[in-house]
Amino acid sequence: MVRLITHNLLACHVKGCTSNNFPLEFKDVQVELRDAEFNSDFLRGFIPKIEWKALVDAARQVGNTSLPLELPEMLDDDFLKSLHHVLLEIHVEEGSMTCPNCHHVYPISNGIPNMLLAEHEIG
Amino acid sequence: MSRPELQAPPEIYYGDVEAKKYTKNTRNQQIQADMTYRALELLNLLPDEPAMLLDIGCGSGLSGEILDEEGYIWTGVDIAPSMLEVALEREVEGDLFLQDIGQGFGFRPGSFDGAISVSVLQWLLNAETSHPTSSPPHRLNRFFTTLHSALRNPSRAVFQFYPSSDDQIQLISSIAQKAGFGGGIVVDYPNSKKAKKVFLCLFVGGGGAQQVPQGLDGEVEEDGKARFERRRERERTRSNSGKRKPIKGRDWILKKKELYRKRGKESVPRDSKFTGRKRKPVF
């Protein structure tokens, strides 16, 4: 149940891993699509928080290419619909996420990523 | 009052059995729901503005369900895999993470519009190993600093918890303050033994303009539901077991007579088909 909306907020939290630790890279993912309620107010409010490039890359990694490379200035309904689909309806069920900096692997099983760290990795 | 946090670490205490039990218990559900609503109230979010919330120690999603109902998008973290499994079965909408909050969060700055946590913080007050990163102050510090950066400015975080002493409240609020939070403790129904609830209400930013909300006071509202009492259950099982078998039946009489004869006692009546029969009521 990792949706791309949370993936876009998630950085690595291993001790000393403070730069270049975002975004985590998906590997061997299995995705599931589940409908969610469309809420354009929420999306409009959330857009400033999005790291756009990371979102587009993550969407490509799970096989969705509906988003433009640059965040468009005009937010029309079609765009919001596809953004809604990418952010809230794509669930990553299995696979793993790897930190680009320290290469810590966070396994995802049954839709729940395991964020636990070993003792020497705790900051 | 029993304190599960003293028995075992959360991921072990809330194993498969306990996780199911906890979630099924209607009284737990009621309490969780009440506290979630109260925490949302203290969070003081703008109405009609869908927010992104963090549920710390989401467990089986009892509070998450309420967040769903209220239309929030949320992310939950918990350390007990069994609880998360129950949450999956209950099909809550939020994203779930298996995470030890004492190890800190990795969320980007400003990710969330608020955070709630029901009955969790007391679990952070016990050291599981002697490693320095396992000491409660270190874990609390890591938790509050990473949480502070993950929250938007301005925003709030509300924690309901069960402190066992004033020292614990002191420790938690001083570490939270060092991490940059404003705010303080809100106590609901401070004079009631049962209904007393402690909330830690923390503010991010706002330039000190935010006031710590007032705790609820006065009479506790009764919801008209009968409370669970073990006494009733005990009484029911006692009456259910019904007819007790008489101890001094025919077998007992025969056994005794046999014993007396063996001892050489005189005038023990002989055994017949009438031995130990039931007499008619005299009147």
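Proteins get letters first, then strands, A, B, ... in listed order; numbering begins at 1 in each.
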Any salt bridge linking B:Asp100 with B:Arg142? Criterion: basic side-chain nitrogen under 4.0 Å from a carboxylate oxygen.
no

Please determine if A:Arg34 and A:Glu93 form a salt bridge, counting it only when a charged side-chain N lies under 4.0 Å from a carboxylate O.
yes

Tell me yes or no: between the side chains of A:Ser66 and A:Asn64, is some donor less than 3.5 Å from an acceptor?
yes

Using a 4.5 angstrom heavy-atom cutoff, name the option from A:Ile5, A:Val14, A:Leu88, A:Leu9 with the most pairs to chain B.
A:Leu9

Interface moiety of B:Ser134 toward chain A, non-hydrogen atoms closer than 4.5 Å
neither

Heavy-atom proximity to chain A below 4.5 Å, by part of B:Ala51
backbone

Which portion of A:Asp41 sits near chain B, non-hydrogen atoms under 4.5 angstrom
both

Going by distance alone, is a donor N or O of one side chain under 3.5 Å from an acceptor N or O of the other, for B:Asp34 and B:Gln30?
yes

Taking every heavy-atom pair that is under 4.5 Å apart, which of A:Asn21, A:Asn39, A:Asn114, A:Leu117 has the most such pairs with chain B?
A:Leu117

Given B:Ser82 and B:Asp16, is the side chain to side chain donor-acceptor pair (under 3.5 Å) satisfied, shown in steps?
CA-CA 5 Å; B:Ser82 308; B:Asp16 288 340; 2.9 Å; yes

What part of A:Ile50 gets closer than 4.5 Å to chain B, counting heavy atoms only: side chain, backbone, both or neither?
backbone

Flag side-chain contact, heavy atom, 4.5 Å: B:Arg152 against B:Asp113
yes

Among B:Val77, B:Ile79, B:Leu84, which residue has the highest count of heavy-atom pairs closer than 4.5 Å to chain A?
B:Leu84

Pair B:Thr23-B:Ser60, side-chain donor/acceptor within less than 3.5 Å
yes

Note: vs chain A, highest number of non-hydrogen pairs under 4.5 angstrom among B:Gln103, B:Met52, B:Gln99 is B:Gln103

Using non-hydrogen atoms only, which part of A:Tyr106 is less than 4.5 Å away from chain B: side chain, backbone, both, or neither?
neither

Flag the one option from B:Thr129, B:Leu98, B:Thr146, B:Thr133 with the top tally of heavy-atom pairs under 4.5 Å to chain A.
B:Leu98

Examine whether an atom of A:Glu51 lies under 4.5 Å from a heavy atom of chain B, and if so say whether it belongs to the side chain, the backbone or both; otherwise answer neither.
both

Under 4.5 Å from any heavy atom of chain B - which part of A:Leu24
neither

Evaluate ring-ring contact (aromatic ring centres under 6.0 Å, His included) for A:His13 paired with B:Phe105, printing each intermediate quantity in order.
CA-CA 6 Å; A:His13 64 299; B:Phe105 300 107; 8.1 Å; no

